[in-house]
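Below, chain A is the first sequence line, B the second, and so on; all start at residue 1. Reckoned from all heavy atoms, side chains included, excluding hydrogens, waters and symmetry mates.
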Amino acid sequence: MHIDSAVKDHFSDKIIQWHGQFGRKHLPWQHNRTPYRVWVSEIMLQQTQVATVIGYYQRFMDKFPNVQALAAGDSDDVLHLWTGLGYYASARNLHKAAKTVVDKFGGEFPTTLEAMEALPGIGRSTAGAILSLALDIPLPILDGNVKRVMARCFMVEGWYGQAKVMQQLWDIVEQLTPTKDIQPYNQAMMDIGATICTRSKPDCDACPVSEHCQAHNNDRITEFPHKKPKKVKPVRTEYWPLVVHQGQIMLNQRPPSGIWGGLYSFNAFDDERAVKEYNDVKSWDVKTWQELPEMKHIFTHFQLNIRPILIVIQDHQYLMSIADSNQSIWYKLDDELSFGVPTPVLKLIKQIKQLKLDK
DNA sequence: CACGCGTGGCG
DNA sequence: TCGCCAAGCGT
């Protein structure tokens with residue numbers, strides 16, 4: 001995609017002008033902007049909101065005011081200052097990179113994208129942020145905010161996990177990046193994403209570049225950015241006969257491997273008709289046949305809908321023979337459990353106990 | 001390309 | 001109440 005140079009100029013003019021009026025200029029890391037200070041803020045802000053970061057940032061800077069102090073610092077102190085912030089590998093990378101900057105670069109941060117990206121924990125966007133915000137080097141950034149703004153302005157199809165989408169977004173921000181005033185420009189891009197072009201209910205009336213926004217102009221704002229399709233968990237429905245006789249309930253041990261391996265559970269059938277056929281084969285004298293409310297049980301990889309059917313029987317001619325075959329047991333509801341059962345089975349057993357059946 | 005990484009805020 | 005998500009990166 002090629003962006004017309006007049007459009008580009010107008011776009012960046014609008015963005016920079018907006019920054020003068022509405023941009024955030026008094027966050028702690030926006031004063032005394034050095035690569036070190038911007039770097040620490042960028043790492044802390046990865047996947048963490050501004051309001052959360054501020055306190056951590058100030059404590060960190062009090063303890064480690066420059067890269068030499070951090071490099072010389074104790075790793076326990078670094079991690080302690082990170083406690084509660086999460087992503088502790090980021091703190092370890094930060095410490096490691098500080099040592100590299102001091103040992104290999106004499107305490108001066110590199111000024112090229114490539115060298116910056118070679119430091120642990122610094123990817124392309126963070127490298128661009130440090131170099132542009134601290135040193136006014138005209139490089140684009142592409143964090144979550146900028147991605148959202150770009151996806152809407154240019155109606156980028158697809159979701160961020162796709163390589164072609166990221167390529168397209170980088171291509172767009174490269175073309176739009178102005179050669180001067182990069183600091184306010186990049187700062188404003190993030191601010192607009194964070195405060196105007198929000199995930200839900202974007203305030204397009206307040207946006208300085210809404211006239212360039214294809215999604216807005218086509219009234220399709222809510223469609224962008226496209227969400228990654230959630231993997232739909234397969235749904236399986238099973239009918240479970242809960243066969244009760246004289247205060248006992250029939251359970252079967254499951255195969256040793258697979259779901260609920262070795263645990264005791266109820267028989268499972270694909271439909272209610274199969275349960276009836278099963279019952280016919282057994283020739284039980286059925287006293288009660290009652291469908292209980294469906295239960296949903298979520299596994300990692302699928303959802304199981306359980307349709308329990310309470311079957312109270314009074315014939316006991318067959319009971320012992322059933323129990324003798326197929327790993328079946330008759331569990332006395334008054335006894336303590338002495339074997340493993342899956343959670344939905346435990347819930348059903350508790351339900352049945354409360355019914356106080358045919359004692 | 002998918003996943004793990006941590007926590008707090010929000011609708 | 002709880003699933004979703006927020007200034008990404010490394011594997």
Side-chain angles (χ1 to χ4, degrees), chain A residues 19 23-30 33 35 37-57 59-60 78-97 100 113-114 116-134 139-151 158-170 173 182-202 222 224-233 296 298 300-301 303:
Chain A
H19 180 262
R24 291 180 291 189
K25 296 159 207 146
H26 301 291
L27 296 170
W29 43 88
Q30 293 177 319
R33 281 198 305 269
R37 288 172 55 82
V38 173
W39 171 48
V40 173
S41 76
E42 289 297 323
I43 302 301
M44 285 187 172
L45 286 161
Q46 287 173 6
Q47 306 294 294
T48 307
Q49 297 188 344
V50 168
T52 305
V53 163
I54 289 175
Y56 285 91
Y57 183 80
R59 289 189 292 276
F60 198 93
V78 177
L79 288 171
H80 173 67
L81 285 165
W82 217 267
T83 296
L85 198 52
Y87 286 112
Y88 301 101
S90 301
R92 291 193 295 273
N93 282 335
L94 194 79
H95 196 202
K96 193 174 166 189
T100 302
L113 205 54
E114 295 72 24
M116 197 65 95
E117 280 190 75
L119 294 169
I122 299 181
R124 183 172 175 188
S125 185
T126 301
I130 297 168
L131 294 175
S132 64
L133 299 179
L139 291 168
I141 56 176
L142 192 58
D143 68 358
N145 289 316
V146 179
K147 280 191 277 190
R148 188 169 52 252
V149 176
M150 294 296 102
W159 59 95
Y160 301 147
Q162 295 175 301
K164 62 169 187 179
V165 170
M166 292 308 290
Q167 252 177 340
Q168 205 178 335
L169 290 170
W170 275 114
V173 289
I182 187 66
Q183 186 277 323
Y185 175 86
N186 274 350
Q187 187 62 57
M189 289 297 289
M190 290 191 286
D191 289 351
I192 289 165
T195 63
I196 291 176
C197 196
T198 48
R199 188 73 190 77
S200 55
K201 297 182 191 169
T222 55
F224 295 89
H226 289 172
K227 284 181 191 162
K228 179 180 162 182
K230 263 186 281 187
K231 277 185 196 157
V232 180
K233 286 184 180 170
K296 289 189 200 306
I298 314 290
T300 325
H301 48 304
Q303 173 181 319

For this session: Classify the nucleic acid contact of A/Trp82 as base, sugar-phosphate or nothing, counting any heavy atom under 4.0 Å across all strands shown.
Result: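 Touches nothing.
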Exercise. How about A/Trp82 and A/Tyr56: are their ring centres within less than 6.0 Å of each other?
Worked result: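 No, the ring of A/Trp82 stays outside the 6.0 Å limit from the ring of A/Tyr56, centre to centre.
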Exercise. What is the distance from OH of A/Tyr160 to C1' of B/dC1, rounded to the nearest Å?
Worked result: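 Going from OH in A/Tyr160 over to C1' in B/dC1 covers 17 Å.
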Exercise. Expressed in angstrom and rounded to an integer, what is the separation of A/Leu94 atom CG from C/dG8 atom P?
Worked result: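 The answer, rounded to whole Å, is 16 Å.
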Exercise. When the nearest nucleotide of DNA chain C is assigned to A/Gly121 and to A/Asp143 on a heavy-atom basis, which residue is associated with the more 5' position?
Worked result: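 Of the two residues, A/Asp143 wins.
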Problem set entry | Any A/Tyr88 side-chain nitrogen or oxygen under 4.0 Å from OP1 or OP2 of B/dT7 |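 Indeed, a polar side-chain atom of A/Tyr88 lies that close.
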Exercise. According to the Watson-Crick and G-U wobble definitions, with both distances under 3.5 Å, which nucleotide is paired to B/dG9?
Worked result: C/dC4
Problem set entry | C/dC9 phosphate, OP1 or OP2, under 4.0 Å from A/Thr126 side-chain N/O | yes
For this session: Would you kindly give the CD1-to-C1' distance between A/Ile141 and C/dC9, to the nearest whole Å?
Result: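 Between C1' of C/dC9 and CD1 of A/Ile141: 16 Å.
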Exercise. With sugar-phosphate meaning primed atoms plus P, OP1 and OP2, does A/Ala163 contact a base, only sugar-phosphate, or nothing at under 4.0 Å between heavy atoms?
Worked result: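 Since only primed, P, OP1 and OP2 atoms lie under 4.0 Å of A/Ala163, the category is sugar-phosphate.
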Problem set entry | Protein-nucleotide distance (A/Trp159, atom CH2; B/dC3, atom P), rounded to Å |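 Atom CH2 in A/Trp159 sits about 13 Å away from atom P in B/dC3.
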For this session: From the options C/dG8, B/dT7, C/dA6, select the nucleotide whose nearest atom is closest to the side chain of A/Arg199.
Result: C/dA6
Problem set entry | Minimum-distance nucleotide to A/Gln46 side chain [options: B/dC1, B/dG6, C/dC9] |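 Shortest atom-to-atom distance from the side chain points to C/dC9.
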Exercise. A/Met116 CE to C/dC9 P: how many Å, rounded?
Worked result: 12 Å
Exercise. Rounded to whole angstroms, how far apart are CE on A/Met44 and P on C/dG8?
Worked result: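 Distance, rounded to whole Å: 15 Å.
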For this session: Would you mind reading off the distance between A/Ile54 atom CD1 and C/dA6 atom C1', rounded to a whole angstrom?
Result: 15 Å
For this session: Select one nucleotide: of C/dC9, B/dC1, C/dA6, the one nearest the side-chain heavy atoms of A/Ser125.
Result: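 The answer is C/dC9, which lies nearest to the side chain.
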Problem set entry | A/Asp143 versus A/Ser125, side-chain donor and acceptor atoms under 3.5 Å |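 Result is no, nothing qualifies.
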Exercise. If you check the A/Gln162 side chain, which of C/dG10, B/dC1, C/dC5 turns out closest?
Worked result: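 Of the candidates, B/dC1 comes closest.
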Exercise. Closest to the A/Gln49 side chain: C/dG8, B/dG9, B/dC1?
Worked result: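 Closest nucleotide among those given: B/dG9.
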Seminar exercise, completed: Of the listed B/dC1, C/dC5, C/dG10, the closest approach to the A/Lys227 side chain comes from C/dC5
Exercise. Which value, rounded to the nearest 0.5 Å, describes the distance between A/His19 atom NE2 and A/Gln183 atom CD?
Worked result: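 A/His19 atom NE2 to A/Gln183 atom CD measures 5.5 Å (nearest 0.5 Å).
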Exercise. So what does A/Arg92 hit on the nucleic acid, given a heavy-atom distance under 4.0 Å: a base, only sugar-phosphate, or nothing?
Worked result: nothing
Exercise. Roughly, in whole Å, what's the span from CH2 in A/Trp39 to C1' in C/dG8?
Worked result: 15 Å
For this session: Measure from the side chain of A/Gln47, starting at C-beta and using heavy atoms only, and say which of B/dG6, B/dC1, B/dG9 lies closest.
Result: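 Among the listed nucleotides, the one closest to the side chain of A/Gln47 is B/dG6.
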Exercise. If the P atom of C/dC5 is compared with that of B/dC3, how far apart are they to the nearest Å?
Worked result: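 One P to the other, the span is 15 Å.
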Exercise. With sugar-phosphate meaning primed atoms plus P, OP1 and OP2, does A/Ile43 contact a base, only sugar-phosphate, or nothing at under 4.0 Å between heavy atoms?
Worked result: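 Since no nucleic acid heavy atom lies under 4.0 Å of A/Ile43, the category is nothing.
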For this session: Test for a donor-acceptor pair under 3.5 Å between the base of B/dG6 and the side chain of A/Thr48, counting only N and O atoms.
Result: yes
For this session: Check whether any side-chain heavy atom of A/Ile54 sits under 4.5 Å from a side-chain heavy atom of A/Pro28, and report yes or no.
Result: yes
Exercise. Looking at side-chain heavy atoms only, is the closest gap between A/Pro225 and A/Trp159 below 4.5 Å?
Worked result: no
Exercise. More 5' along DNA chain B: A/Lys201 or A/Gly161, using each one's nearest nucleotide?
Worked result: A/Gly161
For this session: Kindly say whether A/Gln46 contributes a backbone atom to a donor-acceptor pair with the side chain of A/Thr48 at under 3.5 angstrom?
Result: yes
Problem set entry | Whole-Å P distance, C/dC9 and B/dG8 | 23 Å
Problem set entry | Side-chain H-bond candidate by donor/acceptor type, A/Gln162 with A/Gln167, under 3.5 Å |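 No donor-acceptor contact under 3.5 Å links the two side chains.
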